[in-house]
Amino acid sequence: MLDSTSRDRGGADQARSLNAVLTADQMAAYRKQGWLLARGFIAPAEVGALARWTEELAAWPEEPGKHMVYREPSLIDARRRVIQRIENFCPYHAPFDAFVRRGRLRKAVDQLLDAPACLFKEKINFKMPGGAGFEPHQDQQAGWSRYASIFVTALVTIDRATIENGCLEMGDGARFTGLIGEEWRPLTAAKMTGFNLAPVLTEPGDVLFFDSYAPHASKPNMTDRPRRILYLTYNAASEGDHRARYFAEKRENFPPDVERRPGVEYKFRV
């Protein structure tokens, strides 16, 4: 787990502070609750580029073995299946890949992990009109401990996230450093005593950083506009680069729509 105690590292600490992109107050908030909101972290021009790249991905033809597109039935019109999310796109989109792996965002994640980071997974949640929410959970519950001990996710806001369109809701209590629920199952009310889930409203360019033990959830989008959010998850490079293995295993167990076999039921667990 992350160690929030102070340590005497001399020159190493001084060199790290020169590269810091998050303030002392932001780091304190993260150590206290396992997440922090960095408003306006991404410049407007970069947000515009992210929106364009997202539109490009959504327009690409779906091909087995490449980027992974998932759909869901609309809660507004059950006759329609709408894009829920797209994953595993960095190998096929160079500008997205550069944004994800380099620059201030990566430096912030390095700072939060207190170590050089490597990409674990990337996805865009579209939350189209009628798109469903997600039940309360900790990301680490999804069997992630077999890859690394802790992860940091950077939620990059592309479209304004509101209560009406299903913004992320974060635990408002003290930081957790272990699982509070069973693997592969959403958190129950009994497991969530001592804290509440509070909505975190974000604007384009805001970044919400949270670790893989921070409880969170979201509600459906019942508005007439999509709520696109970029989720980038990293682990310390010292714990290994598991991205290829993760997506290979996910493709096998929960394949994208274009790779699914007729008559087979696939279930997203957490």
Side-chain angles (χ1 to χ4, degrees), residues 1-42 46 87-88 90 96-123 137-157 168 170-171 173-180 183 200 202 205-216 229-247:
M1 303 305 154
L2 294 183
D3 181 2
S4 62
T5 59
S6 61
R7 287 164 287 184
D8 184 10
R9 295 181 180 175
D13 274 342
Q14 184 176 5
R16 183 176 292 111
S17 67
L18 294 175
N19 294 319
V21 293
L22 298 173
T23 68
D25 287 346
Q26 288 172 324
M27 291 297 296
Y30 179 78
R31 293 188 181 106
K32 179 180 179 181
Q33 59 192 11
W35 62 273
L36 73 93
L37 176 59
R39 293 208 177 274
F41 190 88
I42 305 297
E46 286 187 292
E87 305 189 21
N88 186 41
C90 279
F96 244 135
D97 189 65
F99 174 83
V100 168
R101 297 180 189 272
R102 296 189 288 275
R104 290 180 71 246
L105 189 73
R106 249 293 308 279
K107 288 181 180 179
V109 175
D110 290 351
Q111 192 177 347
L112 294 171
L113 284 168
D114 196 26
C118 65
L119 182 66
F120 176 60
K121 58 174 294 197
E122 75 277 4
K123 69 175 179 177
H137 66 280
Q138 297 169 291
D139 284 342
Q140 200 81 17
Q141 288 178 267
W144 287 11
S145 294
R146 68 182 183 272
Y147 302 110
S149 62
I150 193 168
F151 300 82
V152 169
T153 291
L155 176 162
V156 182
T157 308
L168 208 66
M170 299 297 302
R175 186 180 190 180
F176 290 99
T177 57
L179 292 180
I180 58 174
E183 285 194 336
V200 181
T202 57
D206 292 347
V207 179
L208 177 63
F209 296 94
F210 58 96
D211 74 27
S212 50
Y213 294 99
H216 59 283
I229 298 287
L230 174 63
Y231 287 83
L232 307 171
T233 301
Y234 304 81
N235 62 272
S238 60
E239 293 200 70
D241 183 344
H242 304 288
R243 185 186 173 282
R245 176 188 166 198
Y246 168 82
F247 278 120

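All residue numbers in this chain count up from 1 along the given sequence. Since we're looking at a predicted model, the values are computed, not measured.
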Q. Can you tell me how far the OG1 atom of T233 sits from the CZ atom of R243, to the nearest 0.5 Å?
A. 11.5 Å

Q: Show your reasoning for whether side chain to side chain contact (heavy atoms under 4.5 Å, CB included) applies to E122 and R101.
A: CA-CA 11 Å; E122 75 277 4; R101 297 180 189 272; 5.9 Å; no

Q: Identify the heavy atoms of L113 and A236 that sit nearest to each other, and give their distance.
A: CD1-N, 3.7 Å

Q | Residues in side-chain contact (heavy atoms from CB on, under 4.5 Å) contact with R39, at least two apart in sequence or another chain | A | L37, D206

Q) Taking all non-hydrogen atoms of both residues, which atom of E183 and which atom of G143 are closest, and how far apart? A) OE2-CA, 3.9 Å

Q: Go through the structure and list residues passing side-chain contact (heavy atoms from CB on, under 4.5 Å) with R106, not counting sequence neighbours.
A: D110, A117, Y234

(Q) Rounded at 0.5 Å granularity, tell me how far CE in M170 sits from CG in L155. (A) 9.0 Å

Q: Provide the closest heavy-atom pair for Y30 versus D211 in the form atom of the first, atom of the second, distance.
A: OH-CB, 3.2 Å

Q.
Is there a side chain to side chain contact (heavy atoms under 4.5 Å, CB included) between L168 and I229? Walk through the geometry before answering.
A. CA-CA 10 Å; L168 208 66; I229 298 287; over 6 Å; no

Q: Might you work through the side chain to side chain contact (heavy atoms under 4.5 Å, CB included) test for W35 and L208, ending with a clear yes or no?
A: CA-CA 7 Å; W35 62 273; L208 177 63; 3.4 Å; yes

Q: Could you check whether the rings of Y147 and Y246 sit parallel, tilted or perpendicular, using 30° and 60° as the cut-offs?
A: perpendicular

Q) Are T177 and Y213 side-chain neighbours, meaning at least one heavy-atom pair lies under 4.5 Å? A) no

Q | Between OH on residue Y231 and NZ on residue K121, distance to nearest 0.5 Å | A | 10.5 Å

Q.
To the closest 0.5 Å, what do you measure between CG (D114) and CE (M27)?
A. 7.5 Å

Q. For the residue pair L179 and Q138, what are the closest heavy atoms and their distance?
A. CA-OE1, 3.5 Å

(Q) Walk me through whether F41 and L22 qualify under side chain to side chain contact (heavy atoms under 4.5 Å, CB included). (A) CA-CA 10 Å; F41 190 88; L22 298 173; 4.1 Å; yes

**Q.** For R175 against I150, the heavy-atom pair lying closest together
**A.** NH2-CD1, 4.2 Å

**Q.** By side-chain contact (heavy atoms from CB on, under 4.5 Å) - contacts of C118 (at least two apart)
**A.** N235, A237, D241

Q) If you look at every heavy atom in Q140 and S212, which pair is closest and at what distance? A) OE1-OG, 2.5 Å

Q. Counting N and O atoms only, with roles assigned by atom type, does the side chain of E239 sit under 3.5 Å from a partner on the main chain of S149, one being a donor and the other an acceptor?
A. yes

Q) Going by the angle between their ring planes, with limits at 30° and 60°, are W144 and F151 parallel, tilted or perpendicular? A) perpendicular

